[in-house]
Protein chains: 4
Amino acid sequence: MPLPQPNLYPPFNIVRLSHVEYRVTDLAASRAFYVDTLGLQVTDEDDTIIYLRAMEERGHHCIALLKADEASVGGLGFKVFDEDELDKAAAWFAGQDLPVAWVERPFMGRAFRTRDPFGIPLEFYCRMDRLPPIHQKYKLYNGVKPLRIDHFNMFASDVDASVAFYNAIGFRVTEYTEDSESGKVWAAWMHRKGGVHDVAFTNGTGPRLHHTAFWVPTPLNIIDLLDLMSTTGYLANIERGPGRHGISNAFFLYVRDPDGHRIEIYCSDYQTVDPDLEPIRWDLKDPQRQTLWGAPAPRSWFEEGSVFEGAALVASELKAQPIIAP
Amino acid sequence: MPLPQPNLYPPFNIVRLSHVEYRVTDLAASRAFYVDTLGLQVTDEDDTIIYLRAMEERGHHCIALLKADEASVGGLGFKVFDEDELDKAAAWFAGQDLPVAWVERPFMGRAFRTRDPFGIPLEFYCRMDRLPPIHQKYKLYNGVKPLRIDHFNMFASDVDASVAFYNAIGFRVTEYTEDSESGKVWAAWMHRKGGVHDVAFTNGTGPRLHHTAFWVPTPLNIIDLLDLMSTTGYLANIERGPGRHGISNAFFLYVRDPDGHRIEIYCSDYQTVDPDLEPIRWDLKDPQRQTLWGAPAPRSWFEEGSVFEGAALVASELKAQPIIAP
Amino acid sequence: MPLPQPNLYPPFNIVRLSHVEYRVTDLAASRAFYVDTLGLQVTDEDDTIIYLRAMEERGHHCIALLKADEASVGGLGFKVFDEDELDKAAAWFAGQDLPVAWVERPFMGRAFRTRDPFGIPLEFYCRMDRLPPIHQKYKLYNGVKPLRIDHFNMFASDVDASVAFYNAIGFRVTEYTEDSESGKVWAAWMHRKGGVHDVAFTNGTGPRLHHTAFWVPTPLNIIDLLDLMSTTGYLANIERGPGRHGISNAFFLYVRDPDGHRIEIYCSDYQTVDPDLEPIRWDLKDPQRQTLWGAPAPRSWFEEGSVFEGAALVASELKAQPIIAP
Amino acid sequence: MPLPQPNLYPPFNIVRLSHVEYRVTDLAASRAFYVDTLGLQVTDEDDTIIYLRAMEERGHHCIALLKADEASVGGLGFKVFDEDELDKAAAWFAGQDLPVAWVERPFMGRAFRTRDPFGIPLEFYCRMDRLPPIHQKYKLYNGVKPLRIDHFNMFASDVDASVAFYNAIGFRVTEYTEDSESGKVWAAWMHRKGGVHDVAFTNGTGPRLHHTAFWVPTPLNIIDLLDLMSTTGYLANIERGPGRHGISNAFFLYVRDPDGHRIEIYCSDYQTVDPDLEPIRWDLKDPQRQTLWGAPAPRSWFEEGSVFEGAALVASELKAQPIIAP
C-alpha cells in the first residue's frame, strides 16, 4: 500500500502539537521527575493537577499532570490557527461521524474534544493563556533544559490507516519505514510545524502513546540528564540511549516517568517546511533506521506504552517487530 | 509609529527565504572561503558561477557565486508554496506597480524577478531541482558544518516602511527595537518559516544587505570555525563574535567573505509558529539587545554592507546608531 | 588481599605511557581507520610500518602500525624521566631476573625491551624525536580530533599480582573493583602522569591488551566519530558506547580497528597528582562502575582482546565476570 | 636575556598550586558570586570566612574568602609532596634569607608562610583535610561547573627575575612572550602539575594577582555562565571573552568578583609532563598570542589586578603594553 499523496490543502489548519494530559498516580513523585529532574517549569498547580511548560514556550502548558488512580493518557492537544479553523475542525470531525464535545478548560479559550477513528482522545483549540517569555531567564534553566514540546509517538494497530487519517487533516509524512514483505507501512513520521514530526505511528497493539518528546539545545544537555538521573535514584528510569536515530537524524534519549510514561529527549532533527520535501523511505530490515550507530533498543521500548483513557486496544496483524535486544 | 497588525492572511504564501546571488570578484578565492572554510557543498560550477547548498538542504542551491567585476548582491530568492501562489505573487507585485519579469533560471522552474519599493531585487519561484539528501553523509561535513540558510538582514533607510511592506506580504515581526526618542522602529525581525526571522531590517543607509545567515548545529561548531579561520589566513575576516544576541537569543559569529560580503553563523534561536506569538520589544538604549553578554560590536559591523545591484542608496533620517566600540 | 600501600618513592621515574606497536595484517586498511577515520597524523611511513601521533603530541609517535601476518601487539612503550632513570630502570628489571635487551629504534634514543613477570613486552626510553607543535594547526584536525594517547588497559589472570608489580615501579591505584566474595581485586586503574590511569588491569585470560585509549576534547567529538563511522562502512567496528564510566567518570566509546584491536575514545576524567589521593573502591556487583548510566556492555567487550607477541596465555582462576548483555 | 635552563632537579618537590585567600569586603556578596553563580561548593563557613572547593577536588578548600575592610589577596597556597619536602622547602626559603613562619591553619596540617623576593605571600603545606568525592554527585553541579583550581597569574615588575626565582624551585616554562625590542621576557607560563601552568607572570606594576583560574569541562559551560551572569545582575562583572588564547590554546572567560578580584574560567589546554617539552615562544607584537581569534582585550584587563597583603608595589621599567582595545 503506497503512501497517500501529501494533502497540502487540508480541511483546517493545525499549527502544531500542543499539550498532553498525563494521568499519574503520585503527583509528588511526578513533580520530582518532571520539574526537579527534567527541568520543566510549573505554571499552575494544586492537589489534583500540575501544569508545566518548557523554557521557550509562551503558551500556558504543554503537560498537565492529573492525579488519577491509574496511569493513562487523558488526551493529546493540538493548536489550530484561529477561531475559524477551530470551527472548521469541529465541523470536519462531526462530518466524519466522530464525537465532538465542546469543553471548558482552565487557561484556554474554546476547545473541543474528539477521538480519531482508532480511539485516541484529541483536543483542539486556538487560544491558550499566554505567559511572559522566560527563555532568557537563565537562572531558571535546570535539568535537561527542555525548550519545547516536539512530538507525540503512538503505537497503531494499522499504521496505513493512521497515516491516511492524519494525512487527511494535513499532517505530511517526512520519513517512513516500509515492511517490504507485506508492502505495508510499518511506521511513519508526520509533521505540521516544520520539523520531522508532530505525530508518529509505529506498528503495535494500539492505540497507545509510545512517548512525548521534548526538544533540548544540544547533545550535552542529554548527557547532563543521564549523569543527573543515574546519581539521583532514577537509574532504572533510563530506558534507551543516548544515540542518534537514522530516521529524523535526531540525537535522542528515552526515559520513563514514575508511572512508566515514556519521555523522549530530542535534538537536532531538520527543517521540513518545503511542501515538496520528499519523504525518506527506510526498510524495516535496516537496523540503522532506529539507531544510526547500531546499538539495539531494549525489549521494553518495543513493547510498552501508555494507554489512552477510554480507548480499546487492538492488536496489529503484522508480524512482531524483530527484537534486537533483550 | 506602532508596529502594524500581523497580516495572518497574506495575498500569497511565501514558504521561506531560499537563496542569494553574490557577485564576487575572484571565484577561486570565494570557493576557498565558502567551500573549504565554511563547508558549503558545491552542486554545480563553471568558470562563471558556483552553486552551493548546505548539509540538510535538498533544493539545488542557497548561494550562487557569480563572477563579476565588482562585488554586489544580485538578488534575494524566496520560495512560494506552489504554482498558484507564484502566479498570485506575480499579480500582486504587478498590482503594486512594481516590475515583474519572468526569468529563466538554471536548476529552477518558473521564476520572476521584481524589486521591493526600496529597490531590493527579489526573486520568487516554487520549484527548484531537488537533490538527494546528504545530511547523513557525515564524511562530507566540513568547516562550520552549515545545515541551512537561515535569514537575510538588510539596512533600510526607513525601517517602518520596510516592515509595513514585508508585513503586507505575510512576514510577521517576532522581535523589534524601538527608538524611544523618535518613536520609530529602529530594527525588526520578521519570519515566514517558523524561526525568529527570514528577513530583518536595521536602520541605516539602504537598501544594503547586512548579512546572510547559516544555521549550524551547536556553538562548538562556531568555535571550530574560529579556530580554523584564525590559523588559515582568515583572521582579518572574523568581524564580530562569538556571542549571544539578546534579540533572537541566538549564538552568533559574523565573518566576511573575500569581497566583504558578511556571513552570520547562527544557532539556537526559537520556534515561532504560533500565530499569536507576541513580538518582543527592545529599547534602542539597551545594549543587551545586540549582545546579551555586553561585548560591543566593531564599527564596521554597524556601517558596512553589500550593495544590491541596481538599487539607489538612501540615507536614513534617524540619528546615527550610538557606536559602542571602535 | 588488600591493595598494596602506594609506592611513592619508586626505584625509577616513569613519566607516562608513550606508545604501542600494533601488528596489523593490512596496512592500507589500518591507515584508513587510524588516519582517515580517527584522525591521527602520519609522521613517517613506508611499506612495512606507519608511525602516528595525536594532535597535541610532540614526540614522534604514539602508535606504530607494523605489517604482520597475524594481528598482535608488539609491545607497550613508556617514557622515563632522563638517561639516569633509564639506566636505573634497566638495572631494576635485570635485578628482577627479567630480560633486558637494549634495542635500536628509529626516531628514538637509547631504549631497552623487557617483559613484565606475566609476559607483557615493555619498552622503556627517555628520548624520542621531537616534532613541531601542530595543536594549533586546526586545518589538520579530523575524525575524532585525538589529542593524546591516554592509557593501556590489559586483561590479567591475577590482577592482585599485576597491581603489586606495577605498584612496585611507581604506578599508583586511583580506582579499583573488588570481588567481595573472593576478597580479590577484580580490576585496577593505576597512573603515573596525573590522570586516572596510564595502565589498567582487568581479570581475565591474560596477558592480553584490552584497549589503548585516546583523549579527545569533548563528548561531541565522540558523537561526531559515531556519525562518521556509522556512515562510512565502520558500523560493525563500533563496539560499545557512548557512555560514562562510573570508574574514572570518563565519557567513552569503544571501537575496533580492522584487525580487531580495540581503541577507546575517552574524555573528561580527573586530575590525580595529589600523592595522598585516596583510591576509590567499587564493588564487582555494582553495575554502575562500568556504565554510570546503566547500559550493558556487549559480550565481546568482556571477552576479546589482543594477544601480546610472545606471551603465553593463562586463564584466571576467578569465576567469570557476570555478563550483563549479549 | 634568555630563558633559564629548566631546573628538573629542584631543591624540593611542589605538587601543584592549591589555594588562595581572597580578602573581601562583603561575605554575602562574595558567596552569591562564588557559590550561587560560579558553582563552587561551601566546605565550611562562619561570619568571618567561607571555604570553598571545586567539584573534583578532595582537599578541603581551594579558596578562602576572608571578611576584611579592604579587598586584597592574603596569600597563595602550594601543596608539596610530603613532610620531608615541606621541611626542605622551609630550609630552602630560610637559606635565601626569606621569612619562614610556621602557622596554624584550620583544616590543614603543618604549614609555613613565606614571601617570594618580590613580596608575594606564599604558603606551603603537604596535608589538608581530605573530603569525600563529590565529582559524581551531579545534583550538586551548578553555575559554570568548576572542576578544579588551575593556576595563578601575576603582574611582575621584572618578569625575568620572577621566572628565574620560580624556575629555581622547579616551575618550568611552557610558553612565553618575548619583547623582541628589549630582549626581555614579557610574560611566562610555568607549571608543576602537568598542564600549561600553575603560575604565570606578566609585565606590569607588581606584585599583583592578575587572576585565579578554574578548569571547567567544556566551552559550553562557559557559555552557560555568560548567559547566567548577563541575566542575573552580573553583566558588568563580565570583563573579557569568551575566546581562545594563542598561548596555552585554552578557551577562556574572565569575570570579576564583587571586589574586583579577577577569575578566569578555563578549559582545554594541553598536557606538559614530558621533561623535554620545548617552551613555545611568542612575540610581543603578535596579537594572536592573547586571543587566537583576534578580538582585543579591554584596557582594564591589562591594567587592573589585586594587591597582595603587605607587598610593596614596583612599576615595571619596560614600556607599557600596547593596548589594542579601549
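A, B, ... follow the sequence lines: proteins, then strands. Residue 1 opens every chain.
With values rounded to the nearest 0.5 angstrom, B/Arg244 atom CZ is found 9.0 Å from D/Leu226 atom CG. Interatomic distance, CG of B/Asp227 versus CG of D/Leu292, reported as 6.0 Å (0.5 Å rounding). Separation of atoms CD1 (D/Ile222) and CD1 (B/Ile223) is listed at 8.0 Å; rounding is to 0.5 Å. Once rounded to the nearest 0.5 Å, the distance linking CG of D/Leu225 with CH2 of B/Trp293 reads 10.0 Å.
Options D/Ser230, D/Gly243, D/Gly241 differ in how many heavy-atom pairs under 4.5 Å they form with chain B, and the most are formed by D/Ser230. Chosen from D/Thr231, D/Thr218, D/Leu235, the residue pairing most often with chain B at heavy-atom distances under 4.5 Å is D/Leu235.
Residue B/Asn249: no heavy atom, backbone or side chain, is found under 4.5 Å from chain D. Residue contact with chain B, scored on non-hydrogen atoms closer than 4.5 Å, involves the side chain of D/Ile238 exclusively. Neither the backbone nor the side chain of D/Tyr234 comes within less than 4.5 Å of any heavy atom in chain B.
Put simply, the side chain of D/Pro242 reaches to within 4.5 Å of the side chain of B/Pro242, judged on heavy atoms.
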